[in-house]
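Remarks on the structure that follows.
Naming convention: chains lettered A, B, ... in sequence-line order (proteins, then strands); numbering from 1 in each chain.
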Number of protein chains: 2
Amino acid sequence: MQGVLRDRPFRRGGGNGDISAVFDAIDRKILDVLQEDSSLPIATVAERVGLSSGPCWRRIKRLEEKGVIKRRVAVVDRRKLNLATTVFIAVKAPRHAAEWSEAFRRVIDGFPEVVEAWRLTGDIDYLLKVVVPDVAAYDGFYQRLITRLDFSNISASIAMEEMKFTTAMPTTYME
Amino acid sequence: MQGVLRDRPFRRGGGNGDISAVFDAIDRKILDVLQEDSSLPIATVAERVGLSSGPCWRRIKRLEEKGVIKRRVAVVDRRKLNLATTVFIAVKAPRHAAEWSEAFRRVIDGFPEVVEAWRLTGDIDYLLKVVVPDVAAYDGFYQRLITRLDFSNISASIAMEEMKFTTAMPTTYME
DNA sequence: CTTGAAATTAGCGACGT
DNA sequence: ACGTCGCTAATTTCAAG
């Protein structure tokens with residue numbers, strides 16, 4: 001007898017290239033907790049998900065082995081690192097050739113200020129997220145960027161306010 | 001005598017509302033390591049930055065106390081959580097009133113699919129980053145969103161490829 | 001799954017340089 | 001400031017129910 005709610009398990013895999021594995025509501029809760037704070041001792045995690053340490057530890061290990069948990073990282077305060085300014089950059093490629101795309105990838109990999117880069121559908125080709133101290137530093141970054149590669153168009157939007165930001169992915173769609 | 005390179009320290013604070021604090025090249029290196037992998041034992045971190053465990057531990061503690069390190073989190077594999085699709089949504093507000101903005105904030109806080117929300121300069125007012133299983137699920141999200149609030153315009157771009165993604169902020173601008 | 005306990009390892013603090 | 005040493009506390013593994 002135990003008060004833990006249990007709903008039907010979720011089997012991933014088949015068409016998506018994922019290893020077949022079953023995760024239930026407890027696994028989801030573990031992920032919720034660990035995505036908020038991975039420094040908690042296992043006993044605390046276990047308590048929060050309604051388990052004792054042993055099985056909880058085993059589940060966490062399994063989530064790591066299956067690659068569901070990829071890594072543990074420290075999250076820093078951007079402002080304290082002198083990175084108060086976030087800029088989103090819409091990029092249009094001068095030509096749609098694999099050669100340009102690969103060069104682009106190499107260039108952005110070389111810039112630690114570029115924390116994200118996405119290839120998108122629609123009228124813009126790529127979206128970059130860039131962190132810099134201020135607008136002056138952004139201009140410096142921009143100058144260095146256009147020196148290293150040619151672009152058809154670049155338009156920047158400065159972030160005025162971070163209304164929401166989380167590294168935690170929802171676990172609601174596992175089922 | 002020890003082989004650790006040492007350059008001049010960096011003092012933050014003054015105009016920016018930050019607590020005055022000095023960080024040097026070793027602190028930066030600690031942050032670089034911990035932003036990549038915070039599960040490393042302190043002895044390993046110490047070795048990588050050219051320090052022994054004691055002082056290294058002290059520096060990490062100080063970085064946490066100063067709020068430079070905000071938290072430790074687990075990073076999960078989006079695809080393994082059935083979140084293969086990332087969508088960027090450009091939002092135009094129907095009116096520029098604090099009341100709408102606050103309602104907007106409350107609404108997006110209630111959606112775990114919205115992992116980021118930024119208020120921007122330029123022709124679009126807000127940019128959302130949303131993670132969902134697929135385009136069908138995005139449409140479901142979209143329907144629920146427009147039920148909860150009125151918008152002047154919403155245009156979505158689906159991410160076709162994640163070219164770069166990192167939670168690690170550059171430490172190069174601390175000095 | 002549980003509890004409990006043993007072995008190992010990491011975290012932490014005091015003191016000396 | 002760093003380094004060493006030793007105590008404390010946590011993690012990890014295993015056994016039995």
Side-chain angles (χ1 to χ4, degrees), chain A residues 1-11 21-76, chain B residues 1-13 19-75 171 174-175:
Chain A
M1 159 180 7
Q2 55 172 1
V4 170
L5 70 153
R6 207 173 287 270
D7 54 0
R8 63 196 162 166
F10 160 68
R11 180 174 291 277
V22 184
F23 302 107
D24 63 12
I26 299 180
D27 292 306
R28 284 199 281 279
K29 205 154 185 203
I30 289 174
L31 290 173
D32 288 336
V33 171
L34 258 27
Q35 283 191 107
E36 283 303 315
D37 187 352
S38 69
S39 72
L40 294 172
I42 291 186
T44 308
V45 179
E47 189 183 9
R48 291 203 192 163
V49 304
L51 232 53
S52 62
S53 303
C56 184
W57 177 82
R58 244 191 309 277
R59 279 170 184 263
I60 293 172
K61 265 288 175 273
R62 197 174 72 103
L63 287 165
E64 286 168 345
E65 278 157 19
K66 297 282 185 195
V68 177
I69 295 175
K70 283 198 290 190
R71 57 210 326 217
R72 320 276 188 120
V73 301
V75 177
V76 302
Chain B
M1 150 174 27
Q2 54 172 2
V4 171
L5 69 153
R6 207 172 288 271
D7 56 0
R8 59 184 180 203
F10 161 68
R11 181 174 291 278
R12 293 278 303 134
I19 318 110
S20 187
V22 184
F23 302 107
D24 63 14
I26 298 179
D27 291 307
R28 283 199 282 279
K29 204 154 185 200
I30 289 174
L31 290 173
D32 288 337
V33 172
L34 258 30
Q35 284 191 107
E36 283 302 316
D37 187 352
S38 70
S39 72
L40 293 172
I42 291 186
T44 308
V45 178
E47 189 183 10
R48 291 203 192 163
V49 304
L51 232 53
S52 63
S53 305
C56 183
W57 175 82
R58 259 193 298 272
R59 279 169 182 265
I60 293 172
K61 264 293 176 267
R62 196 174 71 103
L63 288 165
E64 285 169 345
E65 277 157 20
K66 297 283 185 193
V68 177
I69 295 174
K70 285 198 290 189
R71 58 211 324 219
R72 321 277 188 118
V73 301
V75 177
T171 52
M174 284 181 90
E175 146 69 37

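- Under the 4.0 Å criterion applied to side-chain N and carboxylate O atoms, K70(B) and E64(B) are not assigned as salt-bridge partners.
- Toward the 5' end of DNA chain D, the nearer of the two residues I42(A) and R58(A), judged by each one's closest nucleotide, is I42(A).
- Side chain of S52(B), nearest nucleotide from dT12(D), dT2(C), dG3(D): dG3(D).
- Among all heavy-atom pairs drawn from R72(B) and S38(B), the shortest one is NH1-O, 3.5 Å.
- Side chain of W57(B), nearest nucleotide from dT2(C), dC2(D), dG13(C): dG13(C).
- Rounding to whole angstrom units, CZ of residue R62(A) and C1' of dC1(C) are separated by 14 Å.
- The side-chain heavy atoms of R59(B) and L51(B), taken from C-beta on, include a pair separated by under 4.5 Å.
- Atom-to-atom, CG of L40(B) to P of dT11(D) comes out at 17 Å; the value is rounded to the nearest Å.
- Put simply, CG on L34(B) is 14 Å from C1' on dG11(C), counting in whole angstrom units.
- Straight-line distance from the CD atom of E64(B) to the P atom of dG11(C): 11 Å, rounded to whole Å.
- Distances shown here put a side-chain N or O of R59(A) below 4.0 Å from the OP1 or OP2 atom of dC1(C).
- A salt bridge between D32(A) and R48(A) is absent, with no side-chain N of the basic residue lying under 4.0 Å from a carboxylate O of the acidic one.
- One can place CG of D24(B) at 10 Å from C1' of dA1(D), the figure rounded to the nearest angstrom.
- Comparing G54(A) and G54(B) by the nucleotide of DNA chain D that holds the closest heavy atom to each, the one mapping nearer the 5' end is G54(B).
- Put simply, CZ on R72(A) is 10 Å from P on dT11(D), counting in whole angstrom units.
- Closest to the side chain of P55(B), from the set dC12(C), dT2(C), dC2(D), is dC2(D).
- In this structure, NZ of K61(A) is placed 11 Å from P of dT11(D), rounded to the nearest angstrom.
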